[in-house]
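Contents: one structure, followed by commentary.
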2 protein chains.
Amino acid sequence: MARSSTRPTSRDVAQAAGVSQAAVSLVLGDKWRGRVSETTAQRVREAARELGYRPNLAARNLRLGRTRTVLLVVPALTTEFFAGVYTGAARVAAEHGFGVVLYPSPEGIGPARDPFASAQTALDGVLASSMAADALTAIRGDQLPLVMLDSDPEGSLGAATVNLDIGDGVRQVADHLLSLGHRRVLHLAADVPSWTFELRARELAARMAAVPGTQVHTARAPISIEGALAATETALTTPGPRPTAVVCDDDKLAAGAYKAIRRLGLRIPDDISVTGLDDLALATAIDPELTTVRLDAELFGERGMRALLAVLEGALPESGDIPVHLVVRGSTAPPPGR
Amino acid sequence: MARSSTRPTSRDVAQAAGVSQAAVSLVLGDKWRGRVSETTAQRVREAARELGYRPNLAARNLRLGRTRTVLLVVPALTTEFFAGVYTGAARVAAEHGFGVVLYPSPEGIGPARDPFASAQTALDGVLASSMAADALTAIRGDQLPLVMLDSDPEGSLGAATVNLDIGDGVRQVADHLLSLGHRRVLHLAADVPSWTFELRARELAARMAAVPGTQVHTARAPISIEGALAATETALTTPGPRPTAVVCDDDKLAAGAYKAIRRLGLRIPDDISVTGLDDLALATAIDPELTTVRLDAELFGERGMRALLAVLEGALPESGDIPVHLVVRGSTAPPPGR
DNA sequence: GGGAGGACGTTATACGTAACACGTGGGGCG
DNA sequence: CGCCCCACGTGTTACGTATAACGTCCTCCC
């Protein structure tokens, strides 16, 4: 119990199982056929699981002089293109027992920083987006210092959290539309179970409800242009008074909404206003340019990293949400007949 | 000389400098103030440089029980948003002497694969995009097995290369426009010194020249919507007969061209056709949808990785360019008056 | 009944680095 | 003149793992 502060080694496992360290290595390395009895192997595996043993990769790499790891150098991370490159490469690598580590040649970080400085690996800590939920259990298993990005403060596993003030962004959108005179709004929501999207729905509904006579209908769509197109088209052709504005959970959904609206022969923003959230390049590529909420992703990353570094030093991370700002462009206007 | 096949260790450096291994560690670790004379330190640094010494990170990490490396978990790599997150995080981390390794929670790679399997680090090999040129010198310094992605076969440092058949893509674009009847074309070129962009210009010019009476003018723009907008507007308002088609080096440039054309009061494709290259989500978000060349990024990644694995096994990598396909959408039509 | 060999493990070692704990002269100071 | 301490290093160790090289029994067969 006294040594619970340090990670268990194969020697600890050996002691717990009453065997030598070598035996542990053999069993866990799957090299024990005919060298260790089934029952002993069982006992070793049990002990390893109980102690939460994870091999020290630095030691293994040193011993083997090999890492089964490959570096993928890409020009930057800003392109969807290289996202696909990574996906394909990682799949094949995984099939061969290799890992892939990304080194996105950073534009903001001085010229030609040594790629290998980024690869010292085995980890000191983790900065995790709450949307990568399935990876979190594995992370917690390692008891590594953890900082969450944009996570439900209640459900963040006790880890420190850095959040964008998305709730305020949604309120800004609502206020903007209300002040233009909109009262019937369609919320095009991302069909993804995530705290951040629930927050958006909640805040939008609450803010609109503060003004008498407002209505918010909701349509759900997967985060893709086609999905948003279909959902929007369905929602806008439903009988009853048509919404005068569509509030989208992100810019990509808004791009889909544009296509649906255009397909119905309506004009943006004359017949119907549209808002997004993210302020991607996409927002200014489409016509008219999209009124949206700008999220300062770089600042978000900076703050997250600062928090993690603070945790690593035993200090208390800076708190407070990161402010976001509404960017008004050409996709919003007063509702027709006003 | 005989041991030139294996990487030099700090002990090799020590021997070359006529000091102990400990001294080397002190000098290179910058902990020698008042412990080692300036002249001796000089000698050690000299020897290290001469031997091309690089510390073994696995050994260092093992010794220190610490890695100064942090993991950033993101939902996927497909969002520009998290690209910004990475940039900001990496900048701050670098300021603190930390590296960042990306673990893009892979959608295609089975559920919740252990993030730490990807982090075995120190590298066996490198898969490098030719666009990350500034990083390449550092890579070569380590003599790691290397496979280049989309690189000039002549200038790839002797490394194996996996290429998309961009040249053929450009030829398909040219043939498409020619068969529609276009004869005056504006080439909106990426203002980036890179083999792949030179190739596009060369192939386009060659293919168009095969038909008598064709003209290709060139405008250069940085790869951004605003840059492309400005360059296109300038090019289209130049005196003389206006081009009937704009061939863009990628989809983002095409989005900028759209805005310039619209600003000039022209219609796509009635007055002028536009083509892109990449087939990003952007291509179907804009109106009309963009005729472009689809690059199979995932396949590209797969082929690259396969090649690298082959090199690591001492085998000969599969050769042959990866085919690409023209996707005809609504942005191209016969030229006006035809 | 004796030796060979399989079943089951163990002991010992090396990977390359960082840093603690020691030397060892020589010069300054009392 | 004697002592101490500083300048300049060196010897040694440990980090945690994988694996080669050894034991032991016990069984089985001649």
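So you know, we letter chains A, B, ... as the sequences are listed, proteins then strands, and number each from 1.
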Requested in this report: Starting from the C-alpha separation in whole Å, work towards a yes-or-no answer on side-chain contact (heavy atoms from CB on, under 4.5 Å) for A:Thr40 and A:Val19.
Outcome: CA-CA 8 Å; A:Thr40 306; A:Val19 297; 3.7 Å; yes

Report task. Test A:Ser37 against A:Thr39 for side-chain hydrogen bond (donor to acceptor under 3.5 Å, both in side chains), laying out the working first. Result -> CA-CA 5 Å; A:Ser37 71; A:Thr39 54; 3.1 Å; yes

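Here the closest heavy-atom approach between residue B:Thr9 and residue B:Tyr53 is recorded as C-CE1, 3.4 Å. Pairing each heavy atom of B:Pro8 with each of B:Asp12, the nearest pair is CA-OD2, 3.3 Å. The two residues A:Ala16 and A:Leu51 have their closest heavy-atom pair at CB-CD1, 4.1 Å.
Following rounding to the nearest Å, A:Asp12 (CG) and D:dT17 (C1') show an atom-to-atom distance of 13 Å. Between B:Lys31 atom NZ and C:dC20 atom C1' there is a gap of 14 Å when expressed in whole angstrom units. Rounded to whole Å, atom P of D:dG16 lies 14 Å from atom CG of A:Leu51. What separates CD of B:Gln42 from C1' of D:dC8 is a distance of 16 Å, to the nearest Å. Nucleotide C:dC15 holds its C1' atom 20 Å from the CZ atom of B:Arg54, rounded to whole Å. Summarising the geometry, the separation between CG on A:Leu28 and P on D:dT19 is reported as 13 Å, rounded to the nearest angstrom. In this structure, the CZ atom of A:Arg7 is 11 Å from the C1' atom of D:dG16, given to the nearest Å. Atom-to-atom, CZ of B:Arg11 to P of D:dT12 comes out at 12 Å; the value is rounded to the nearest Å.
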Return the polar atom pairs (N/O with N/O) between nucleotides 9-11 of chain D and the protein under 3.5 Å, or none.
from, atom 1, to, atom 2, distance (Å)
D:dG9, OP1, B:Thr40, OG1, 3.3
D:dG9, OP2, B:Ser37, N, 2.9
D:dG9, OP2, B:Ser37, OG, 2.5
D:dG9, OP2, B:Thr40, OG1, 2.8
D:dG9, O6, B:Arg35, NH1, 3.2
D:dT10, OP2, B:Ser20, N, 3.0
D:dT10, OP2, B:Ser20, OG, 2.9

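One distance of note links CZ of B:Arg60 with CG of A:Leu62; it measures 13.0 Å at 0.5 Å rounding. Annotation: the span from A:Ile322 atom CD1 to A:Leu299 atom CG amounts to 4.5 Å, rounded to 0.5 Å.
Side-chain N/O atoms of B:Thr9 include none lying less than 4.0 angstrom from OP1 or OP2 on C:dG16. For B:Arg63 and C:dG16, the shortest distance from a side-chain N or O to OP1 or OP2 is not below 4.0 Å.
With distances taken from any side-chain atom of A:Arg60 to the nucleotides D:dA18, C:dA18, C:dG16, the minimum falls on D:dA18.
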